[in-house]
There are 2 protein chains.
Amino acid sequence: MTTTETFHIPIPVHVDETMMKEHFLTDVSINSVLFSYHDEKLHVLLLRLTTSDHFMLPGGFIKKEEDVDEAAIRNLEEMTGLDQIYLQQFYVAGNAGRTCDPNALDAFKKFGLQKIEQWLTDRKVSVCYYALVNSPELQLKVNEAIICEIKWTPVEELPPLLFDHQMVIDKAIRRLQLDMDRKVISTYLLNETFTMPELQKLYEAVYQEKLTRSNFQRRMLNLDILERLGKRHDGGSHRAPYLYRFNPSKIEMVLN
Amino acid sequence: MTTTETFHIPIPVHVDETMMKEHFLTDVSINSVLFSYHDEKLHVLLLRLTTSDHFMLPGGFIKKEEDVDEAAIRNLEEMTGLDQIYLQQFYVAGNAGRTCDPNALDAFKKFGLQKIEQWLTDRKVSVCYYALVNSPELQLKVNEAIICEIKWTPVEELPPLLFDHQMVIDKAIRRLQLDMDRKVISTYLLNETFTMPELQKLYEAVYQEKLTRSNFQRRMLNLDILERLGKRHDGGSHRAPYLYRFNPSKIEMVLN
DNA sequence: CTCTATTGTATCAATGTGATACAATATAAA
DNA sequence: TTTATATTGTATCACATTGATACAATAGAG
């Protein structure tokens with residue numbers, strides 16, 4: 001998958017505000033920052049309205065009888081088909097004016113979503129989650145009536161975003177950096193097996209800095225959670241790197 | 001202040017549900033874990049309803065045109081009179097059933113708060129903050145109609161709590177431990193000047209473990225943020241410890 | 001003046017890390 | 001077959017941090 005590939009999904013418009021208010025909490029929403037790693041870059045999943053040049057984070061609402069965490073999981077499952085995603089609450093975007101983005105208002109109007117425009121622009125306190133996924137394995141769908149484009153975007157090339165989503169992503173990245181130092185979570189971003197250079201490039205993408213190869217390798221091996229398997233060679237005229245995987249039993253004993 | 005001293009504050013009952021729904025977000029609340037340090041222990045501020053044996057965290061609601069952060073600050077200011085408190089958002093308690101605590105329901109009924117009982121027991125997503133204060137300087141007040149007792153409680157002696165407030169406090173403590181490792185925040189819990197043994201006892205109270213005296217002192221001094229002032233002696237027949245204060249200019253340069 | 005309790009500081013070993021060098025390996029080219 | 005090249009695996013040195021421990025300095029009590 002290249003970083004510019006997108007999916008176009010036509011969706012019927014049939015929800016209205018009364019229906020939303022009946023089934024969902026009115027003041028609260030959810031936004032998820034989906035991270036994935038491919039092409040040696042950390043990517044974030046962004047959505048776009050056909051009527052806007054701006055992108056936005058995926059999100060949803062909370063059913064009246066549903067936990068907020070459940071709603072976040074449901075939202076992700078609807079989009080990805082997966083129900084076992086690493087998901088972490090990391091922030092609440094609660095500014096009163098955050099939903100009053102003129103670009104969003106404009107886009108909603110153009111889209112002809114009168115029946116739900118009020119709902120979408122009413123003030124919402126957004127509970128923000130970040131999720132770690134292995135994107136090449138994903139077939140993405142959106143259920144919302146207003147989304148027409150889905151794009152994995154490298155975090156250093158983010159386009160203009162609606163609402164306060166730029167800040168939310170910034171906070172998600174900072175939190176991901178903290179968590180990768182304290183927990184064994186790179187496993188959620190990688191394939192089952194991987195080489196040391198691959199793991200290093202993931203860390204470099206997350207922390208946005210170069211790391212010294214030999215020292216990185218030593219640090220990872222000293223964690224004593226990697227299991228060395230065979231070797232994998234890319235055909236180049238050089239030594240083949242070992243393949244590793246995270247040792248499940250040892251990971252459990254460590255942190256998380 | 002001893003750990004068992006309490007304040008009794010009679011408050012008139014005059015709010016009703018319609019009024020609340022008109023001015024406040026209906027699905028969201030705020031809870032604050034106020035930490036303070038005295039008598040060599042980390043304390044949390046708890047409130048109690050006269051009609052219940054259970055305690056609860058202070059909290060409040062968010063005005064419709066008010067940021068969530070603003071609401072948290074306002075809530076603390078109403079209670080403490082201070083508007084410059086160190087305050088950190090750290091969690092969202094979002095379980096659907098969290099406000100359905102039979103003990104709370106029972107207590108609200110006994111209190112004769114029919115007009116607002118529904119509001120108080122309706123489902124709320126709670127944005128949780130922790131705050132650091134220097135408690136001996138505080139004169140505490142509560143504006144809510146339902147609170148009759150305020151108590152600083154050592155974190156290792158927490159009484160039965162309403163709702164999910166025990167879990168919220170646990171998460172606040174864990175977050176405080178993480179933050180004290182990464183930021184210079186002990187200053188908010190101490191007086192302007194303090195001795196090294198005092199600082200050490202604060203750390204021991206927060207991390208709930210004994211620390212080696214000489215190593216702790218070395219670590220703190222190596223941070224290069226402490227300014228040594230005079231000495232302070234307690235009259236005991238032993239060497240007097242130095243007085244320190246955090247060097248404001250150096251703290252700014254460091255983290256936070 | 002000695003004793004005792006506490007604080008300030010030094011020392012040593014173990015550990016972790018940045019910088020650097022060098023050995024091992026897989027292929028291409030000579 | 002040999003040599004060159006690119007990359008990975010590993011070792012080494014210097015340095016900083018930290019736990020454990022020892023010892024020196026100080027302020028009274030007796």
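Residue numbering restarts at 1 for every chain, and letters A, B, ... go by the order of the sequence lines. These numbers come from a predicted model, not from an experiment.
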For this session: Check the distance between C:dT7's C1' and B:L221's CG and give it to me in whole angstrom.
Result: 12 Å
Problem set entry | base_contact_polar (D:dT7 base, A:R239 side chain, donor-acceptor, <3.5 Å) | no
Exercise. Is the NZ or CZ atom of A:R228 positioned over A:Y242's six-membered ring, under 6.0 angstrom from the centre and within 45° of the axis?
Worked result: yes
For this session: Tell me which residues in residues 195-215 of chain A put a heavy atom below 4.0 Å from DNA chain C, sorted by number, or none.
Result: A:T212, A:S214, A:N215
Exercise. B:R218 has a side chain; which of C:dT9, D:dG9, D:dG19 sits nearest to it?
Worked result: D:dG19
For this session: Could you state the atom-to-atom distance from CZ of A:F216 to P of D:dT8 in whole Å?
Result: 12 Å
Exercise. Taking side chain as C-beta onward, heavy atoms only, is A:V206 less than 4.5 Å from A:V155?
Worked result: no
Exercise. Relative to the ring of A:Y203, is the ring of A:Y207 parallel (under 30°), tilted (30 to 60°) or perpendicular (over 60°)?
Worked result: parallel
Exercise. Within the pair A:K231 and D:dG9, is there a side-chain N or O less than 4.0 Å away from OP1 or OP2?
Worked result: no
Exercise. Which word best sums up how the rings of B:H43 and B:H38 line up, parallel for under 30°, tilted for 30 to 60°, or perpendicular for over 60°?
Worked result: parallel
Exercise. Mind checking what makes ring-ring contact (aromatic ring centres under 6.0 Å, His included) contact with A:Y244, not counting sequence neighbours?
Worked result: none
N/O-N/O pairs, protein side and nucleotides 27-29 of chain C side, under 3.5 Å:
{"from": "C:dT27", "atom 1": "OP1", "to": "A:H233", "atom 2": "ND1", "distance (Å)": "3.1"}

Problem set entry | Shortest non-hydrogen contact between A:L42 and A:Y37, atoms and distance | N-CD1, 4.2 Å
Problem set entry | Distance-only side-chain donor-acceptor flag, A:Q166 / A:D170, under 3.5 Å | yes
Exercise. Looking just at side-chain N and O atoms, do A:Y129 and A:D69 make a donor-acceptor pair shorter than 3.5 Å?
Worked result: yes
Exercise. Nearest to the side chain of B:A240 - D:dA27, C:dG8, D:dT10?
Worked result: D:dA27
For this session: Please work out if B:R232 contacts a base, only the sugar-phosphate, or nothing of the nucleic acid, heavy-atom cut-off 4.0 Å.
Result: nothing
